[in-house]
Each structure stands twice: as C-alpha cells, then as structure tokens.
Amino acid sequence: MEGANIYAINIPDARLTAKGAWDLSVHITDLEILKTITVTGDMNIGGVMLRLVSDLAMTRDWSDHELWWPEENKWLNRSRSTLDQYGVTAAAKICFTPKHKIIRVQLPDLQYITVSVDMSSTVFKAVCDLCKSLGIRHGEELSFCRHLPNQALKKNTVISPDLPPAVRLQDTLPRGGGAGLQQSRSMNSLDRRSLGTPTPPANGVSYHTPSPHGTLSRNSHNTLSSSSGGEKWHPFYAQNPYTTPLYAAPEKGTVNIVDGNGQHEDVLDVDLARSPQTPSREATDTLLRPRTRLEKARQNAAWLDSSRSLYEQGIREGDTVLLRFKFFTFYDLNAKFDVKRINQIYEQARWMLLAEELDCTEEEMMLFAALQYQVQLQSQVPQAVSQAPEDDIDAALNDLQTTLEGVNSPTFYNDIMQVPVLSDYLQFLKPKKFTLRGFRPYFVVLRDTTLSLFKDEHDTQSEPSLELNLRGCEVAPDVVLTNAKYGIKLQVPMADGMQEMWLRCVSDAQYAKWMAAFKLASKGKTMADSSYQAEVQNLLSHLALQHTSHRQDIDPVALNVDLDQYVAPRFTKKNRNHKLSGRVMDAHSNVRNLTATEAKLQLINACQRLPDYAKHYFVVQFAGSRKEELLAVTPNQLIRLDINGRMLKTWPYKRMRDWHVNWYKKLVVVEFDDEVVEFWPVGADAKNVHEFIGGYIFLATRAEDKNQTLDEAEFHKLTGGWKA
C-alpha cells in the first residue's frame, strides 16, 4: 500500500504528458495575480490567451487585453504567431494587460488633455486616431515627442530604441544635472514600479496607489523585477504623475478623451480653436530655448519612433507626451474646415518665435507681434458665421476653374514657344572673408533656371561675366525696410561646394519679382509656372504688412500691451518698452481689419518665409570626416552645413534613388544619381533622421484628390529604414 502511494505521487499531470509541454507564468495586471498555464512551443498567441481566460473562469470582456513581454520590451500581438516564433520560453515572464491606458498629452498650444490611447499600436496610428478624435485633419503631419530638459541642449543625447532595454540614453548628463535624463535604465517591469524608491510626491499627494485598470502599482515588488531595481526612479516627463481610475474598454482603434475621473467625455473641456494667451506655468517650463543651430539639432532627439508603440518606447500610464507638428508641409489648409488645425499650427509657430527657435528680423518680429495682438483682440468678439450653401458651390466651382485654367498670367507666359525671361539692373556682391569691394551694378538676366550677369544691357549678346544654374540653390531674404534694403542671398551649388552670392533690389516691386523667380528656379521651375504671379503678390502683401506709418496718436500705455506675450526676449532686451510698444501698435494698424483666422494664416505664411522654417537639424558625422557637422532635412532636399551653420552642399530629393539605415553600424545611407552619402547621426538616433527624410517624401506623394485615404503601410515602408 505504501508503494502504491509513492507511485501515485509521481504521476505527472495529464497535460504535461504532451510532447514539449511546459509551464508559462503570466501576470494578469487587472487582478494582480500570477497565473501558470501549460503550453507548447507551437501554440499560437491567440490560443495562449484563450487558455488563460478559460482557466480564469471569469465572465468579463477581455477583448482589450494583450500579452506584453517586459524582458524583451515588445507586445505579443500577432495572434497567429507561435510562442516559438516569438522566442518565448519557460523562463519568460509575460503580462496580460489592457492595451488602452490613460496618458496626458500636451497640445501644440500648450494645453493639456487626458486621453486613453492604444499602447500596442504604432505611434503613427495612435497620433492619427487622436487627431481624428480631436477633429484635426491630416494627423500624419503630427507626432509625439518627449520633453527634454534644457540641459539636454548642451550635450548630444541619443535616445536609443535598441532592445532590450526599453529606453537607453547614451552620453547622458551627469547625475547632478537634469533628473529627467536618469530614466535611461531598464524598464522590464510593466510600469517602472520596480525601479526602486520613487520620487517624493508633490503637495503631499501620493502618486503610487495601485491603478485598477491594468498597470502594476508603482511601489510594490514581485517577480517582474528590473535589473536596475536599486536605482532611484526619476520620471522622464511629468513632474507630477498621477494614478488614473478604472474606465470602460474603448472601441478598437480609437482614442478616447477622458476626464479627471477616468470617464469618457463627449466634449473637450479645452477649446482647440481658441487657445489661452497665457498657458500654465507647467506648460511654459517645457519650452526649450535653443540659441544656436547646434542646440536646435539636439532637441530633435526627443521625437518618438513612429513605427513602434508608445509602450515599447518607455511611455507608461500617467506619463505626459508632447503632440507637435513634425512635418511642416500643410496639405489642403482650409479656413472653413480647419479652424482647430489652423489654430494649433499658429500656436506652435507662435511659441517657436517666442522661444527664439525661429530666427527673424526686428521688423518681422513687429509684424508677428501685431498679428498675435490682432488674434487676441478678435478672440474676444464673436466670429462671422460660415457662408451659405450656395456660396460653397460657387467657391468650389471657382476652385475648379482656377485648377483647370491656372491663375491669370502675362500673355507671353502662356506662349509655350517663348522662354520666360526676367532682366533688370541689380547690385551684385560675391562676399569673401577679406575684401573691401562693395556691391557693383550688373545687368542680370534670368532665363529658365540660368542666371547670367552682364556689365551692361548692350552686352547680352557677348559672354556673360558670370553664369549660374540656380537649380537646387538656397534662397534667403535680406530685407530691412527701415533702411530701404531689399536684399536676396543665394547659396548656389558648385563643384567645390556652395558659393554665396548677394543681390540687392531698389524697390519692393523689383524685389518681389526676382525673389519669386529665384524660388521657382531653385525648385527647377520657371516663371511660366502658374504659381509665379501668386507668389509675387504674396511677397508684395507681406512687405506691405511690414511697412509702418509711424503714427503719432498711439498711446501704448492706454492699450496696456504686455510685450513678453508677443515679442521674443532678445528684442525686448535691447529696446525700451514704450518704444517697442509703439512699433507694435504701428504695425498693428496694417492688420487691424483681419479676422482671427485671417491673422493666424498671415502669421503662418510669414513664418513659412523665414529661412529656418521647416529645416530640421541633426548633428552627424559624415563618412570620411572626423568632425561633427550639421545635416538639415527640409521638405525637398538635404543640406550639409558646418557646425557654425555655413552651407556646404545640397542634395535634392529628385536625385535620390534609395535611402536606408545600416542598423548594425547605425549608419544612414542615401543613394543619389551620382554619389552615395553616408553619415552617422551623433545627436539623435539613425531612425529619427531617416524618418524625417521618408516622411517628407511620403507627404509629397499626397494627390490633389481630397478624398484619398491615408496609406499607413506606405508611410512605414518609406520611413522604416530597411533597404528595398
């Protein structure tokens, strides 16, 4: 009898007799329990979840749950893939947790909203779903980014997506400076709760109560321990993380707005079309104030990878992320349908100006301040209602006619047998380091994209003194209206690098014609293009707004203008307040009849004319060079600059054949028609740079059809970094 009992004790469980069966530990975060199930390597993920919920014998909706592997920092969300294909073994510790979790999002206008986001979907899809919920069209132009402390601008900081661990910062700051950068440690637990003693709560509020909708409590320990468990946890973003309460599982593929109690909201408690003039102190503290192009390049390390999920990049429940316009090519910007979108673009541009992220002249700053002041005045009065339906039909017919016929152009532009030519006397200078020569008059002729300089208009039949092809050149304005200075700076690609040349006009009309022609020539277009006359008129309108009348009847004190809300600090420091207020009010006289939306569009258009707008800088090291340089990614080309910002070379996208990333070397490879460019990003991850290049190319493929659907697969194909 005793022997029989021994024999009975050694009988294995019937499920373990299956060939290759083994036990898998799964932590169910909702119930805070550890469940062990028996599986085989050829069992698919869907079967694992089915067995898990069957063994629980609980009646509830598990549709929002998925398996998360903390040690490998990835979701097991391909239901048909097997455990063997994922590499899951008996030593793995898996979590069964809801996909949707609540995070805090700072909008481009620095307002905060609380949303529930699918943490397993890609950042690209999460942002598009969020923008759809907010009523902002074309969410592909935006993305999420982290908040970096100001100390991060002083040193190259790379947030590496290598796995594992989830987030690792290379070349971080010393521990004494910038606590936010100390998050660069393993996050093998579900929500960082095993990273040691948390930061002391502010205002006596405890932020470490267990969250009931799936995230593990931040102050307990269990088997899902981190390799860095003894370190002090410093939150990367919000200085005041909070615990969010239980909420119903959202619909699949959506982003839901929630209130402070975690309940769904049908209406936002913030106005996305009218932003507060003065945001909260917490919001303004997140603003970075780069002083040089090098610091501007370093702040681009904050962008999240659009091809990976928020969870895989270290974003946890209760964290704060920044929603920003990433690509500055705004498609189909319509004043009637894009009131919220226009306001958010305007607010981001406004804060870029006030933080001195965008460089501008003093006259341009006065115009920007006047437009901001007009928006503030108009926000206090009701706006005009939309037009009647019959007017909408007329507007649509007019748009169709303009599209088919083009804008009105001079007769000789419509003659395809005649090459458009622009000629006039201009002042010309080729600047050098040590020269006493000033501007000299030349008769300048622009035919197609070729610029020719002659000593006199009667010498046009002879050899020109200088001949340049402007295709691919950089064009920048150099205008100071108070001094009647209408200058144009050209950076022309030559065999030995970029050559700088300066031209000066005598009037705003002459300047507008030549500036518009140069911009088209840089894109390989001629003055026969239908957009030429429209660009000339836009330039003239922009200059007219900057002309001031020097009125004597302005009382800045009575208007009570707070210059800090409208003017960048570097201008207020070198000017007296009463003088600057008078100039702002003087400039406001040119825009006082604009509606709020019109003033916002004027500021957006004016910002797009600034030389640094839509230029995304990165610190890189080119192959064959030992020094750090800058790479600027723009909507239509790549620009190589030295560390001081001097342009060295340009590569238009039209000449690009292929681009990918060598992931082993972290090397970005771009193949052009006549050369291959290779570089290592120093101040950001290689995927970050590659995504800007592919993203702008993807956005350039958007057709004129307003009803086209967004091709997410094509976006990931162009930005993924893998060689085709």
**Prompt:** Would you say the side chain of I45 lies within less than 4.5 Å of the side chain of L83, judging by non-hydrogen atoms?
**Reply:** yes
**Asked** Mind checking whether Y696 and H616 have side chains closer than 4.5 Å, heavy atoms only?
**Response** yes
**Item:** Intermediate values then yes/no, side chain to side chain donor-acceptor pair (under 3.5 Å), D42 and T40
**Value:** CA-CA 5 Å; D42 58 357; T40 59; 2.6 Å; yes
**Atom pair CG (L76) and CZ (R78), whose distance is rounded to the nearest 0.5 Å** = 8.5 Å
**Message:** Would you call the rings of W62 and H65 parallel, tilted or perpendicular, taking 30° and 60° as the class edges?
**Reply:** perpendicular
**Message:** Can you list everything that forms a side chain to side chain donor-acceptor pair (under 3.5 Å) with N343? Sequence neighbours excluded, please.
**Reply:** S275, K600
**Prompt:** Could you give the distance from CZ (F96) to CH2 (W68), rounded to the nearest 0.5 Å?
**Reply:** 15.5 Å
**Request:** May I ask you to decide if Y331's main-chain N or O and E141's side chain share a donor-acceptor pair within less than 3.5 Å?
**Result:** yes
**Request:** Could you check if a side-chain atom of I33 sits within less than 4.5 angstrom of a side-chain atom of L56, using non-hydrogen atoms only?
**Result:** yes
**Asked** Can you check whether R316's main-chain N or O pairs, donor with acceptor, with D319's side chain at less than 3.5 Å?
**Response** yes
**Asked** For C95, does its backbone N or O pair with a side-chain atom of H27 as donor and acceptor, under 3.5 Å?
**Response** no
**Donor on one side chain, acceptor on other, W69 and E71, under 3.5 Å** = yes
**Prompt:** Does any non-hydrogen side-chain atom of L110 lie less than 4.5 Å from one of L287?
**Reply:** yes
**Fill in**
Minimal heavy-atom distance between S143 and V123, with the atoms involved, is OG-CG1, 3.9 Å
**Request:** With the side chain counted from C-beta on, respond yes when R51 and D55 share a heavy-atom pair under 4.5 Å apart, and no when they do not.
**Result:** yes
**Message:** Could you work out, with side chain to side chain donor-acceptor pair (under 3.5 Å) as the rule, every residue matching E678, not counting sequence neighbours?
**Reply:** none
**Separation of K99 NZ from L310 CG (nearest 0.5 Å)** = 13.5 Å
**Item:** Any residue meeting side chain to side chain contact (heavy atoms under 4.5 Å, CB included) with D338, in chain and number order, not counting sequence neighbours
**Value:** R137, L333, N334, R341, I342
**Asked** Does some side-chain heavy atom of P681 sit less than 4.5 Å from a side-chain heavy atom of D685?
**Response** no
**Item:** Sequence-distant partners of Y86, ring pair (Phe, Tyr, Trp, His ring centres under 6.0 Å), two or more places apart
**Value:** none
**Complete:** Contacts of W680 meeting ring pair (Phe, Tyr, Trp, His ring centres under 6.0 Å) (sequence neighbours excluded), chain-then-number -> none
**Request:** Taking Q313 for its side chain and S306 for its backbone only, find out whether a donor-acceptor pair lies under 3.5 Å.
**Result:** no
**side chain to side chain contact (heavy atoms under 4.5 Å, CB included) against E714, all qualifying residues, sequence neighbours excluded** = F698, D711, K717, L718
**Closest contact, heavy atoms only, R702 versus T329** = NH2-O, 3.0 Å
**Item:** Donor-acceptor contact present, side-chain N73 to main-chain E312, <3.5 Å
**Value:** yes
**Prompt:** Ring centres of F715 and F124 under 6.0 Å apart?
**Reply:** yes
**Message:** Restricting to non-hydrogen atoms, name the atom on M656 and the atom on I697 that form the minimum distance, rounded to 0.1 Å.
**Reply:** SD-CD1, 3.9 Å
**Message:** Tell me if a side-chain donor or acceptor on K687 pairs with a main-chain N or O of T719 at a distance below 3.5 Å.
**Reply:** yes
**Request:** Only counting residues at least two apart or in another chain, list the ones meeting side chain to side chain contact (heavy atoms under 4.5 Å, CB included) with D285.
**Result:** R281
**Prompt:** Is there a donor-acceptor contact under 3.5 Å from the side chain of E32 to the main chain of I28?
**Reply:** no
**Prompt:** How far does CG of D109 sit from CD1 of I345, to the nearest 0.5 angstrom?
**Reply:** 12.5 Å
**Prompt:** Taking only residues two or more places apart in sequence or in another chain, which ones pass ring pair (Phe, Tyr, Trp, His ring centres under 6.0 Å) with W351?
**Reply:** none
**Asked** Going by distance alone, is a donor N or O of one side chain under 3.5 Å from an acceptor N or O of the other, for H100 and D64?
**Response** yes
**ring pair (Phe, Tyr, Trp, His ring centres under 6.0 Å) against F618, all qualifying residues, sequence neighbours excluded** = F692
**Asked** Any sub-3.5 Å donor-acceptor pair from N662's side-chain atoms to V669's backbone N or O?
**Response** no
**Request:** Return yes if some donor-acceptor pair links the side-chain N/O of R298 with the main-chain N/O of A152 below 3.5 Å, else return no.
**Result:** no
**Closest heavy-atom pair and its distance - V26, L67** = CG1-CD2, 4.4 Å
**Request:** Could you pull out all residues at least two apart from Q106 that satisfy side chain to side chain donor-acceptor pair (under 3.5 Å)?
**Result:** Y112, T286, R324
**Request:** Find out whether V127 and L323 are in side-chain contact, i.e. whether some heavy atom of one side chain is under 4.5 Å from a heavy atom of the other.
**Result:** yes
**Message:** Quick check: do H138 and D332 have side-chain heavy atoms less than 4.5 Å from each other?
**Reply:** yes
**Asked** Between Y311 and W75, what is the ring plane arrangement, given parallel below 30°, perpendicular above 60°, and tilted in between?
**Response** tilted
**Request:** Taking all heavy atoms of C128 and all of E140, pick out the closest pair and write down the distance.
**Result:** SG-N, 4.0 Å
**Request:** Report the residues that fulfil side chain to side chain contact (heavy atoms under 4.5 Å, CB included) with S79, sequence neighbours left out, ordered by chain and then residue number.
**Result:** none
**Prompt:** Where the side chain of E66 meets the backbone of S120, is there a donor-acceptor pair that is under 3.5 Å apart?
**Reply:** no
**Fill in**
R60 meets the salt bridge (charged side-chain N to carboxylate O under 4.0 Å, His left out) criterion, sequence neighbours left out, with D30
**Prompt:** Roughly how far, to the nearest 0.5 Å, is the CG atom of D23 from the NZ atom of K35?
**Reply:** 11.5 Å
**Message:** Quick check: closest heavy atoms across L272 and Q344, and the distance to 0.1 Å?
**Reply:** O-NE2, 3.0 Å
**Request:** Would you please say whether a donor-acceptor pair under 3.5 Å links the side chains of T82 and D84?
**Result:** no
